[in-house]
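Only one structure is covered here, and it is reproduced in the block below.
Chain A is the first sequence line, chain B the second, and so forth, proteins listed ahead of strands; every chain is numbered from 1.
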Number of protein chains: 2
Amino acid sequence: MDFVGSVVSGVAALTQTMEDGRTQMVGLLLPSDFAGRPGRDSAAYDVVATTDLVMCCFRKKPFEKMMAETPHIAQRLLQMTLDELDAAREWMLVLGRKTAREKIASLLTIIARRDASLQLHGMAGTLKFTLPLTREAMADYLGLTLETVSRQISALKRDKVIFLEGKRIITIPNFTRLLEEAGDDNDGGMLA
Amino acid sequence: MDFVGSVVSGVAALTQTMEDGRTQMVGLLLPSDFAGRPGRDSAAYDVVATTDLVMCCFRKKPFEKMMAETPHIAQRLLQMTLDELDAAREWMLVLGRKTAREKIASLLTIIARRDASLQLHGMAGTLKFTLPLTREAMADYLGLTLETVSRQISALKRDKVIFLEGKRIITIPNFTRLLEEAGDDNDGGMLA
DNA sequence: CGTATTATTGACCACTTTCAAAGTGAGTGG
DNA sequence: CCACTCACTTTGAAAGTGGTCAATAATACG
């Protein structure tokens, strides 16, 4: 990886894989997210696009030079890295302590929020968005099997927490209900 | 949290807790680790000492001032944060995809490595160290119950991967064997 | 259309959890 | 000094969640 850059549209995944093939997604790059590690040469993870993807890239060397010259940029980058760290740690709670159903609900919550902020509309009323991940990618993100993902999505549909059009388009009639299902009773004041 | 600082001796844990009491450790602060988030006021997690703890602290305000004036420090901090991010992501693989036995072995691996680098000896031959965590703290780190932790430690002992003196002092006769048990067949060149 | 990929569903099984009981050990006070 | 207590740990049996294997269905694509 000789580049750094940020996602313009589409979705990419950072994944780690064990020798026997078990894989875990360790980061999800949605539009506006930054990728790459200034000051590092090692590519610690695999980065794979899960949809068509447009990124805005810079060669790493000039970018690092700019960083050294502009303290403000290093500061900004530190803030973004701290945000990523927060996201990773929140995800550790999901992976370690939530049930399969809660995991699915948590993922939908994240995607819904990101989509809402991108579309510049709030979280009130019904939300509708396209899942940018296959069931398998969701499973890799959640530490589940794709069968379990499928079953839990069916269960959430049966319980009317979500509605599906086709396999990818999801409607959420009541976001608060989804948050409850995620075990995140607290809505974090994001209902704005 | 009006301080930042680094651990001199002892161990502290960063934990996140759900309303119903389920808790997940999201970071382990061992000697030489840094704690605190320059530029942030929110304390996103609980920080609890799990042993007697000595830290070297700075008030956050003057520290941030120093950071703004000394670009080198911001750079260093970014590197440390990237390291933490790597550690968090490695842990996501553990939480999401490893079995209980592999999880225990992975944790022992980390503690053994940290202890070795602190004691300034390599990973060859037999290693011996004190577990700085209760079974419950280990369970919270690994996303398991304390009973499962206890059972798996007993199993590793039965299989002679580890030896115990009392409940806290662990001897590892063959580190490579432990790595295999952790599912990390690759030793990362740390055998030095 | 036919083939390949992705998704759903079912039956069965394994691993981890839950609930419960008993064991260990350090520290305290009689 | 010993018995008592409390926290921590170990162990067992039963139950449950998610995994595995397998068949079927839906969708995309040539």
Quiz item: Is a donor-acceptor contact shorter than 3.5 angstrom present between the side chain of B:Arg168 and the base of C:dG25?
Solution: no
Quiz item: Is there a donor and acceptor pair, one atom on the side chain of B:Glu136 and one on the base of D:dC8, closer than 3.5 Å?
Solution: no
Measure from the side-chain heavy atoms of [X] and tell me the nearest of [options].
X        : options                : answer
B:Arg151 : D:dA13, D:dT9, C:dT9   : D:dA13
B:Arg135 : D:dT9, D:dG19, C:dT16  : D:dT9
A:Lys167 : D:dT9, D:dA26, C:dT17  : D:dA26
A:Leu146 : C:dT18, D:dG18, C:dT8  : C:dT8
B:Ser150 : D:dT11, D:dG18, D:dA22 : D:dT11
A:Thr99  : D:dG18, C:dT17, D:dT9  : D:dG18
A:Thr134 : D:dG19, C:dA7, D:dT10  : C:dA7

Self-check item: Results of side chain to side chain contact (heavy atoms under 4.5 Å, CB included) for B:Lys167 - residues two or more places apart only
Solution: B:Arg135
Could you give all pairs that pass the ring-ring contact (aromatic ring centres under 6.0 Å, His included) test and reach [range], with sequence neighbours left out?
range                       : value
residues 142-168 of chain A : none
residues 99-118 of chain B  : none
residues 94-115 of chain B  : none

Quiz item: What parts of residues 154-166 of chain A reach DNA chain C, counting only heavy atoms under 4.0 Å away?
Solution: A:Ser154
Quiz prompt | Qualifying salt bridge (Lys or Arg N to Asp or Glu O under 4.0 Å) pairs, either residue in residues 143-160 of chain A, two or more places apart | solution = A:Arg101-A:Asp159
Nearest-Å distance, [atom1] ([X]) to [atom2] ([N])?
X        : N      : atom1 : atom2 : answer
A:Glu147 : C:dA7  : CD    : P     : 12 Å
B:Leu133 : D:dT9  : CG    : C1'   : 15 Å
A:Ile169 : C:dA7  : CD1   : C1'   : 16 Å
A:Arg97  : C:dT16 : CZ    : P     : 13 Å

Quiz item: Does C:dT16 have OP1 or OP2 sitting under 4.0 Å from an N or O in the side chain of B:Thr148?
Solution: no
Quiz item: Within a strict 4.5 Å, meaning less than it, do heavy atoms of the A:Arg37 and A:Val4 side chains meet?
Solution: no
Practice problem: Let me see the working for A:Arg114 and A:Ser32 under side chain to side chain donor-acceptor pair (under 3.5 Å), right down to the final yes or no. | Solution: CA-CA 10 Å; A:Arg114 288 301 295 259; A:Ser32 86; 3.3 Å; yes
